[in-house]
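In what follows, chains carry the letters A, B, and so on, assigned in the order in which the sequence lines appear, proteins first and then strands, with residues in each chain numbered from 1.
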Amino acid sequence: MTTGNSHKDTLISKGIDDFFLESSELARFTVRIFREAFRPPYEFKEVLRQCYKLSTSSLPLVSITGFILGLVLVMQSRPTLVEFGAGSYLPAMSAISIIREMGPFVTALICAGKIASGITAELGSMKVTEQIDAMEVSGTNPFKYLVATRIIATTLMVPVLTVYADVISLLGAFIGSNTKDTINLGFFFTRVFESLHFTDILPAFIKTFFFGFAIGLVGCTKGYYSKKGTEGVGQATNVSVVVAMLSVIVIDMIVTQISGLLGYL
Amino acid sequence: MISTPLHIEEKQTALRNDAEPIIEVTHLQKAFGSNEVLKDFNLKVFPAENVVVMGKSGIGKTVLIKCIIGLIKPDAGTLRVFGEDILVMKQKELDDLRMRIGFVFQSSALYDSMTIRENLEFPLRRKHHITVKINIEEKVREVLRNVGLEHTIDLMPSELSGGMRKRIGIARSLVLDPEIVLYDEPTTGLDPITSGEITDLILDVQKKYNTASIIITHDVELAKRVSSHIVFLSDGIAYAEGKYEDIIKIEDPIVKPFFVR
Ligand SMILES: Nc1ncnc2c1ncn2[C@@H]1O[C@H](COP(=O)(O)OP(=O)(O)OP(=O)(O)O)[C@@H](O)[C@H]1O
Ligand SMILES: [Mg+2]
């Protein structure tokens with residue numbers, strides 16, 4: 001009995017320890033990034049290269065998911081709306097749910113899976129094979145060159161990908177609406193823009209920067225500190241995806257609370 | 001339990017002491033947890049000298065040269081390179097110093113997302129990215145010719161054999177015309193012919209650019225041909241040191257097995 005209890009206690013306290021260790025590691029990393037990223041020489045070229053790489057690699061996945069998201073959303077909600085005699089609200093309803101929540105959230109989750117794991121695997125294997133050390137001995141600060149550039153790139157590109165996903169998703173919604181009744185594109189988007197307010201768009205857009213930052217941060221931290229050996233890299237990649245997704249969910253919740261307090265809901 | 005170093009060649013040490021050392025390691029200590037790797041290590045490297053460091057696997061040879069280039073921070077001791085204490089250096093100064101030192105990794109450590117050309121261009125671009133416009137292409141081809149691998153310029157590292165990767169690793173460390181080169185087992189795992197070629201290369205580089213080097217190796221042939229001085233690392237200290245001819249004469253259970261075949 002007692003042993004069982006103490007076992008549980010240690011498990012819980014270990015969990016709490018891990019959480020704080022993890023948070024302090026991320027916090028230390030964040031401080032260092034801000035210190036390094038704003039000191040010359042700036043690695044503009046590398047940032048651009050990373051932006052290009054990140055966006056092209058996740059574009060297909062984001063496109064397909066975004067499209068299906070819009071399509072399915074409309075097809076699922078249509079019967080209920082029609083039942084209440086609110087069928088004409090379909091464009092407005094889909095626009096609001098896509099722009100406010102579904103677009104940013106789903107894009108961020110996809111990026112957490114695709115980009116964070118990619119970064120972790122890349123940096124982790126560079127670490128294990130001493131490529132990061134090699135960079136350091138050729139007088140390059142790997143923290144600046146590898147880490148800061150990637151985090152800047154995710155912070156900039158996740159919002160861009162989100163806007164793109166929103167558009168594709170609305171197109172999906174339009175096509176979804178057209179499967180049951182014919183509605184023309186101009187009319188659909190007029191209704192969409194009528195229903196959207198500045199307060200719908202702004203908080204949703206701002207939070208994507210936080211999503212991007214978190215994804216880059218988690219991906220880089222896990223890779224940079226991954227343990228020796230290929231097993232260590234595999235493990236780090238795994239943990240990276242989980243932590244990145246959790247961060248996205250937590251940030252989403254916090255931002256929603258804050259925008260509620262500010263009267264944006 | 002620290003064994004006493006075998007000072008076999010007093011007069012020769014006196015001779016070496018005339019010049020100003022280019023690398024000076026004193027009382028270096030480094031432990032990883034309870035694993036005391038370096039306990040009280042001392043080493044001097046003089047200009048244009050090839051110092052060979054030998055010792056059993058896992059004894060701390062790689063840790064030693066990583067300390068010298070600032071990749072590992074020692075627990076105690078001093079490290080002076082070009083007469084400057086690297087342990088108190090700012091990041092910028094350390095980066096500038098590192099550009100004057102070539103480091104050949106035991107594992108080659110080629111950037112596997114880049115072609116051979118980009119691997120060799122990387123240090124050049126990093127050094128000259130604002131200041132001088134030198135002919136990068138020409139320099140890259142020159143060092144590749146030196147290691148006899150000019151034809152691999154557009155290949156990826158994954159397309160090369162282990163020995164070729166090693167030679168590219170050496171080429172990359174030479175591309176900035178370093179004044180010091182630190183070689184970590186440059187010939188381990190290579191056939192005798194390639195080992196011989198790399199030995200020639202090390203000698204060539206030393207003659208051409210008048211570099212000082214530290215060469216970690218188990219390769220007796222290499223040690224015999226290039227060493228001006230041999231240091232035997234054991235139990236965290238410079239257990240024995242001297243010229244090749246003197247070292248091979250030592251009748252010591254730790255040193256002897258390296259030279260009998
Ligand atoms: N980053 C590290 N963390 C913990 N221990 C380490 C680390 N690097 C090296 N060690 C330990 O230090 C000791 C010396 O390692 P080192 O790599 O210097 O050996 P070596 O003399 O180069 O051996 P080899 O000839 O096999 O390359 C080993 O016991 C190793 O486990
Ligand atoms: Mg080693």
Side-chain angles (χ1 to χ4, degrees), chain A residues 31-50 52-54 56-57 118-150 153 219-220 223-225 227-230 232-233, chain B residues 32 62-63 65-73 81 86 89-114 118-131 157-158 165 168-170 172-176 178 180-182 184:
Chain A
V31 170
R32 200 165 154 199
I33 286 153
F34 278 105
R35 246 197 356 232
E36 306 265 0
F38 295 109
R39 243 197 339 230
Y42 305 109
E43 312 279 358
F44 286 124
K45 244 168 113 184
E46 186 60 17
V47 171
L48 280 181
R49 211 174 66 85
Q50 287 303 325
Y52 177 78
K53 204 175 124 190
L54 295 183
T56 47
S57 72
I119 291 178
T120 306
E122 190 184 6
L123 293 191
S125 60
M126 287 186 79
K127 169 102 185 184
V128 169
T129 55
E130 298 188 301
Q131 292 175 53
I132 293 186
D133 285 347
M135 253 175 207
E136 216 170 330
V137 301
S138 41
T140 298
N141 179 345
F143 207 87
K144 236 175 132 85
Y145 186 81
L146 295 173
V147 174
T149 52
R150 277 169 176 75
C220 290
Y224 202 77
Y225 291 127
K227 294 209 186 61
K228 286 265 167 184
T230 35
V233 177
Chain B
F32 295 101
T62 302
V63 170
I65 58 167
K66 283 194 174 171
C67 284
I68 292 174
I69 200 144
L71 280 176
I72 294 181
K73 213 172 150 36
V81 181
I86 71 153
M89 273 187 182
K90 293 204 192 65
Q91 188 62 44
K92 177 80 179 64
E93 298 167 317
L94 189 59
D95 284 346
D96 289 343
L97 181 105
R98 281 167 169 169
M99 290 191 185
R100 300 166 66 190
I101 305 179
F103 192 102
V104 180
F105 283 84
Q106 192 167 356
S107 60
S108 304
L110 302 183
Y111 307 124
D112 50 23
S113 62
M114 305 182 193
E118 288 163 338
N119 261 281
L120 298 181
E121 281 177 352
F122 188 82
L124 285 168
R125 292 200 189 282
R126 302 305 296 171
K127 185 174 178 189
H128 300 293
H129 66 317
I130 339 174
T131 49
S158 56
R165 294 165 66 99
I168 299 293
I170 295 177
R172 189 178 62 186
S173 68
L174 297 179
V175 79
L176 288 182
I180 296 177
V181 190
L182 309 174
D184 198 348

**Prompt:** Pick from B/D112, B/I69, B/I101: which one has the most heavy-atom pairs with chain A under 4.5 Å?
**Reply:** B/D112
**Message:** Please report the interatomic distance CZ(B/F122) to OG1(A/T140), rounded to the nearest 0.5 Å.
**Reply:** 4.0 Å
**Request:** Pick one of side chain, backbone, both or neither for B/L110, based on which atoms fall under 4.5 Å of a heavy atom in chain A.
**Result:** backbone
**Gap separating the CG atom of B/L71 from the CD1 atom of A/I132, nearest 0.5 angstrom** = 11.5 Å
**Prompt:** Side-chain contact, heavy-atom cut-off 4.5 Å: B/K66 with A/E130?
**Reply:** yes
**Message:** Could you check whether atom CZ of B/F32 has more than 12 heavy atoms from other residues, nucleotides or ligands sitting under 6.0 Å from it?
**Reply:** yes
**Asked** So do the side chains of A/V137 and B/F105 get within less than 4.5 Å of each other, counting heavy atoms only?
**Response** yes
**Asked** Going by atom types alone, do A/S138 and B/R126 pair a side-chain donor with an acceptor below 3.5 Å?
**Response** no
